[in-house]
2 protein chains.
Amino acid sequence: MRSYAQYCAVARALDVVGDRWALLVVRELLLRRRCRYKDLQDGLPGISTNVLTERLRDLVDAGVVRHVDPSPPIATPLYELTSRGTELAPVLHALGTWGAELMAAPQRDDTFRGHWLAFPISRLADSAPNDPPVTVQIRAGGELIVVETDHGAVRANPGRATAADVDLDGPPDLVLAVLRGELPLAEAEACGVRVAGDVKVLARLVPATTSAAASIPATTHEGDNP
Amino acid sequence: MRSYAQYCAVARALDVVGDRWALLVVRELLLRRRCRYKDLQDGLPGISTNVLTERLRDLVDAGVVRHVDPSPPIATPLYELTSRGTELAPVLHALGTWGAELMAAPQRDDTFRGHWLAFPISRLADSAPNDPPVTVQIRAGGELIVVETDHGAVRANPGRATAADVDLDGPPDLVLAVLRGELPLAEAEACGVRVAGDVKVLARLVPATTSAAASIPATTHEGDNP
DNA sequence: CGGCATCCTCTTTGATACTG
DNA sequence: CAGTATCAAAGAGGATGCCG
């Protein structure tokens with residue numbers, strides 16, 4: 001991408017990750033950790049091979065992604081984030097939080113992968129941080145996600161829970177609505193969500209207070225917008 | 001921009017603000033609040049009129065920006081963020097924090113505007129939140145910025161301070177380096193930074209601990225990357 | 001399978017001229 | 001000053017083919 005050529009931190013960041021698909025490549029590597037080229041293609045439906053190749057090259061050049069060459073025992077090369085790359089997590093989180101509002105319903109011909117739920121889910125919070133932790137096993141889009149509370153925050157990761165309090169299985173938008181407390185369980189079950197286990201713990205997950213922020217638009221001073 | 005057509009919060013967000021220039025338009029409106037078309041052009045050197053027009057239209061359609069039409073007394077139409085738009089502040093902050101690492105030195109033919117410093121600066125923290133607040137007046141790029149501590153955090157806004165503890169005036173990269181504590185004052189002054197006032201308070205501004213985050217790459221579970 | 005190259009088409013940009 | 005119109009150049013998307 002053409003550089004913005006601005007001495008500005010935001011513009012500099014966008015010079016690196018502002019290209020189409022770039023942040024979604026980072027999303028995949030953040031969620032799935034270490035991926036083969038093919039895994040990335042699967043997690044980025046719609047990307048074409050030449051674009052994926054070019055993005056990977058650019059991100060490697062920028063120090064965001066590392067190409068792990070297949071040393072003898074291993075057959076296929078892998079991609080993973082560098083530490084600089086994992087530092088993009090707050091960016092993805094902020095975007096996911098903002099975008100969660102737009103997840104009301106899947107559009108026709110939207111693609112879906114289960115692990116994508118991790119971003120909108122991790123914006124929830126445990127209402128009672130001092131209670132014993134909650135573990136929810138989700139099955140959606142043919143993938144498994146574990147949702148766990150962690151001192152008030154909620155983490156979501158692809159994987160299988162060893163001992164989940166409750167299992168949810170169903171269409172992603174409904175599962176999401178249940179977790180957000182926007183859809184009563186009875187209704188969800190009527191719509192095709194399978195629920196098993198201790199459903200009471202779900203009530204402890206609540207939408208995080210959008211501490212929103214805007215620390216920038218603060219007090220005004222003389223001279224604002226002169 | 002073509003939609004990613006993914007049922008994913010991050011992709012949905014990027015469908016709205018992933019276009020080239022879009023987040024920089026938001027940056028301007030976040031920092032300057034209410035802008036005329038011309039103000040935006042000035043704050044976005046390199047953007048062309050048709051692209052600016054199209055971005056504004058798209059952002060208005062998406063509910064991020066509001067077009068304030070000139071009611072009789074006022075002559076020129078203005079643009080401002082909606083509340084949904086100001087909710088993008090955490091995204092810009094995260095990007096600014098990440099991009100701050102790339103601000104070592106301005107490249108030749110980088111453009112610069114003083115108010116852009118607000119993002120890398122607000123990533124600092126006051127080392128002693130309980131001390132009386134620090135106010136720094138900065139002059140860079142022909143603009144004035146006020147830096148103030150606020151219960152440990154640091155805010156930076158365009159404008160003139162009524163009573164600053166210390167004044168800094170000089171090239172942006174040097175001013176930034178001084179604030180970050182990376183450049184001793186004596187050296188900075190030798191390089192053309194003018195400093196006036198109570199320089200001791202500068203020592204209380206320190207780089208915020210990159211709580212970094214990555215709440216996503218958490219514990220691994222069976223089934224990770226099967 | 002991993003990965004790059006090529007050809008083609010369509011969309012998005014950038015630059016600039018132009019109008020109310 | 002705000003914004004549209006026009007056009008050339010770049011980039012994205014899709015298909016396909018190649019090579020280790």
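Chain A is the first sequence line, chain B the second, and so forth, proteins listed ahead of strands; every chain is numbered from 1.
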Is B:K38 close enough to D:dC1 that one of its side-chain N or O atoms is under 4.0 Å from OP1 or OP2 there? yes
Below 4.0 Å: OP1/OP2 of C:dT13 and any side-chain N or O of B:R55: yes
Picking from D:dG3, C:dG14, D:dA12, the nucleotide nearest the side-chain atoms of A:R20 would be D:dA12
Atom CG of B:D58 and atom P of C:dT11 are separated, to the nearest Å, by 15 Å
With the side chain defined as heavy atoms from C-beta on, B:Y79 is closest, among C:dT13, D:dG3, C:dC4, to D:dG3
Practice item. Could you check if a side-chain atom of B:R84 sits within less than 4.5 angstrom of a side-chain atom of B:R66, using non-hydrogen atoms only? Key: no
Set out, in order, the CA-CA distance, both residues' side-chain angles and the distance that settles side-chain contact (heavy atoms from CB on, under 4.5 Å) for B:D167 and B:R194, then state yes or no. CA-CA 8 Å; B:D167 272 56; B:R194 281 197 334 98; 5.7 Å; no
**Message:** A cation-pi test, strictly: NZ or CZ of B:R33 under 6.0 Å from the centre of the six-membered ring of B:Y79 and no more than 45 degrees from its axis. Yes or no?
**Reply:** no
Do the side-chain N or O atoms of B:S48 get closer than 4.0 angstrom to the phosphate oxygens (OP1, OP2) of C:dT13? no
Query raised in the report: Is A:W21 near enough to D:dG11 that one of its side-chain N or O atoms lies under 4.0 angstrom from OP1 or OP2?
Result: no
**Asked** Between the main-chain N or O of B:V51 and the side-chain N or O of B:R20, is there a donor-acceptor pair closer than 3.5 Å?
**Response** no
Please confirm whether the shortest side-chain N or O distance from A:H67 to OP1 or OP2 of C:dG2 is below 4.0 Å. no
Assert: residue with more 5' nearest nucleotide on DNA chain C, out of A:R2 and A:N50, is A:N50
